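Notes follow the structure.
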Amino acid sequence: MDAAKAETFLIQNGFRMVGDWHAADVVLFNCCGGHGQRVKQSFSIIREIQRNKNPNQRLIVWGCLPKIYPEIFKDEFVDVTVSEVEFPRLKELGVGGSGAAVGNYLVAPWKYDEKTAGWLLRYQGSFLSRGFKRVGVSWVNYVNNHFNLAPAGDASTFYIKTSSGCRGRCAYCVVPQARGTIKSKPIEQLRAEFQDGLTRGFKRFSLLGTDLGSYGADLGENLCSLLSELVEVEGKFRINLRNVHPRFMMDMMDEFAPILRTGKIRYIESPVESGSNRILKLMNRPYTVEEYKEYIAAMQKIYPNLIVRSQLIAGFPTETDEDFQKSLKLLDEVVLDYVEVYEYSEMPRTPSQKIEPKVPDAVKRQRFLTLNKKALLNRTPRKIKRIILSQT
Ligand code: SF4
């Protein structure tokens, strides 16, 4: 979403995209600080650009990372310009020109030349790079680690940022420190953005929010009141929902059911994080594995074509082999279309830092690999998976 905003804004102000950041005058890096692996890769990229950029190139970094590690930016990256999370700051940094900082879609499909692709793949990450040149701005946007297939941006999708901040307090998560509590846009504004997307011919919409399941809590609304309005709009479209905390959606299932029945919700990403109730409790994720399984099955019963995405963390502190086996088993017990697996990483100032004992790195790594392999293999076509599950 921030990438879309920056792109629209810069192109409107006369910049041109360049595929190779080495050729750009300004490099923008929207970096993620959500978990250890991304932090490591984000810092590697910043160091690499800093080492190899020419003295006239400007590197501007934004996203959660500078907020989580202000001391590193202050001490090590003295010549890197750090921007706040919100987009309009770019204007103050002298990069953009005039005009409103709006943008819900990517102007052209993501593309990068071979040289840049090779450079990005050196980090074993799946990155997308975009650049602009008037004199030139290059945009390097971190997407996902280890060749995960989830794209951060897709030119056929209209992105709508509904809110920022979060209502959850998951023990391992640093995001509330960087983004604060939930702040939502009013439904009328979101409806107008949605209508704009339809008028522009978009058929796929993605609702975004750090904690989309909490949308509207600060306005006396909720995600379902927003969705009920959107699915009523005339037109042929489908909506993707990202970052929906299972607890919040479980509590709204009565309202969500009629929305699902419209067939307008294409996918929901609702991370489970562990297959062990003991670990979920330590993670401060207020639901049980049994509730999660029921919740997913209920949605799939109402709308069988719903695509369901989830996440699992391997090696949370105190995780025993028995807990880990439960996460593995969960993958056989629930029909998930896509599961992202993360290795637990210690983030600064989070409650899980104090939870002992920690899982040794080698064990954590092994569990991550095993879980990831199973998650990949489990991408069995849904119909086949249903047959297998019904026979066990
Ligand atoms: S709900 Fe999401 S963003 Fe909020 S603390 Fe939990 S994991 Fe982090």
Side-chain angles (χ1 to χ4, degrees), residues 1-2 30-39 42 63-69 85-86 142 144-145 148 150 152 161-185 206-218 222-224 240-252 256 267-277 279-289 291-292 295-296 308-317 319 327 336 338-355:
M1 182 66 199
D2 286 339
N30 183 17
C31 49
C32 175
H35 67 81
Q37 221 163 346
R38 288 188 178 176
V39 168
S42 293
C64 289
L65 196 72
K67 289 201 166 196
I68 298 165
Y69 296 95
V85 174
E86 294 306 324
Y142 174 76
N144 220 324
N145 56 330
N148 269 332
K161 187 169 179 175
T162 63
S163 52
S164 65
C166 164
R167 209 165 38 130
R169 287 296 172 266
C170 306
Y172 51 84
C173 183
V174 72
V175 169
Q177 289 177 39
R179 303 256 167 164
T181 189
I182 186 99
K183 288 175 279 308
S184 313
K185 289 185 194 168
S206 195
L207 298 193
L208 307 176
T210 316
D211 171 18
L212 182 63
S214 289
Y215 167 79
D218 52 327
N222 68 25
L223 178 60
C224 289
N240 294 337
L241 306 174
R242 307 278 300 264
N243 297 332
V244 179
H245 191 301
R247 177 74 268 158
F248 303 143
M249 190 50 107
M250 284 172 196
D251 293 344
M252 291 187 282
F256 193 45
Y267 85 62
I268 182 166
E269 179 191 67
S270 200
V272 59
E273 308 298 11
S274 174
S276 156
N277 286 334
I279 295 293
L280 285 176
K281 206 164 173 194
L282 283 175
M283 286 176 165
N284 201 22
R285 303 277 295 181
Y287 51 86
T288 62
V289 177
E291 284 175 318
Y292 184 82
Y295 153 67
I296 300 295
V308 182
R309 296 174 54 130
S310 190
Q311 281 175 15
L312 281 165
I313 295 175
F316 188 80
E319 185 187 73
S327 289
L336 299 168
Y338 179 87
V339 181
E340 253 177 303
V341 182
Y342 293 101
E343 206 174 318
Y344 168 77
S345 53
E346 196 119 290
M347 299 304 292
R349 305 174 292 278
T350 51
S352 62
Q353 267 191 316
K354 297 199 181 99
I355 302 178

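For this chain, numbers begin at 1 and follow the sequence in order. Computed from a predicted model, the values in this text were never measured in an experiment. Atoms within a ligand are numbered from 1 in the order they appear, just like the ligands themselves. Just the heavy atoms: all of them, side chains too, but no hydrogens, waters or symmetry mates, feed the values below.
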Ignoring hydrogens and angles, state whether a donor on the side chain of Ser184 or Asp218 is under 3.5 Å from an acceptor on the partner side chain.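 Short answer, yes.
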
Just which atoms of ligand 1 are under 4.0 Å from any heavy atom in Cys166?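 Listed by number with element, the hits are 1 (S), 3 (S), 4 (Fe), 5 (S).
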
Can you confirm whether more than 12 heavy atoms, excluding those of Lys183, are under 6.0 Å from its NZ atom?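 Enclosed: over 12 neighbouring heavy atoms sit under 6.0 Å from NZ of Lys183.
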
Working to the nearest 0.5 Å, report the span between CD1 of Ile296 and CD1 of Ile268.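 Rounded to the nearest 0.5 Å, the CD1-CD1 separation comes out at 7.0 Å.
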
Which atoms form the tightest heavy-atom contact between Lys161 and Ser164, and what is the distance?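 Answer, listing the atom of Lys161 first, then Ser164: CE-CB, 4.4 Å.
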
Shortest protein contact, atom 8 (Fe) of ligand 1 (heavy atom only):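 The protein heavy atom lying closest is Cys173 SG, 2.3 Å.
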
Could you tell me whether any N, O or S atom belonging to Cys170 is less than 2.8 Å from atom 6 (Fe) of ligand 1?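 Looking at Cys170, which is the residue asked about, there is an N, O or S atom under 2.8 Å from atom 6 (Fe) of ligand 1.
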
Part of Pro176 within contact of ligand 1 (heavy atoms, under 4.0 Å):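 Only the side chain of Pro176 comes within reach of ligand 1.
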
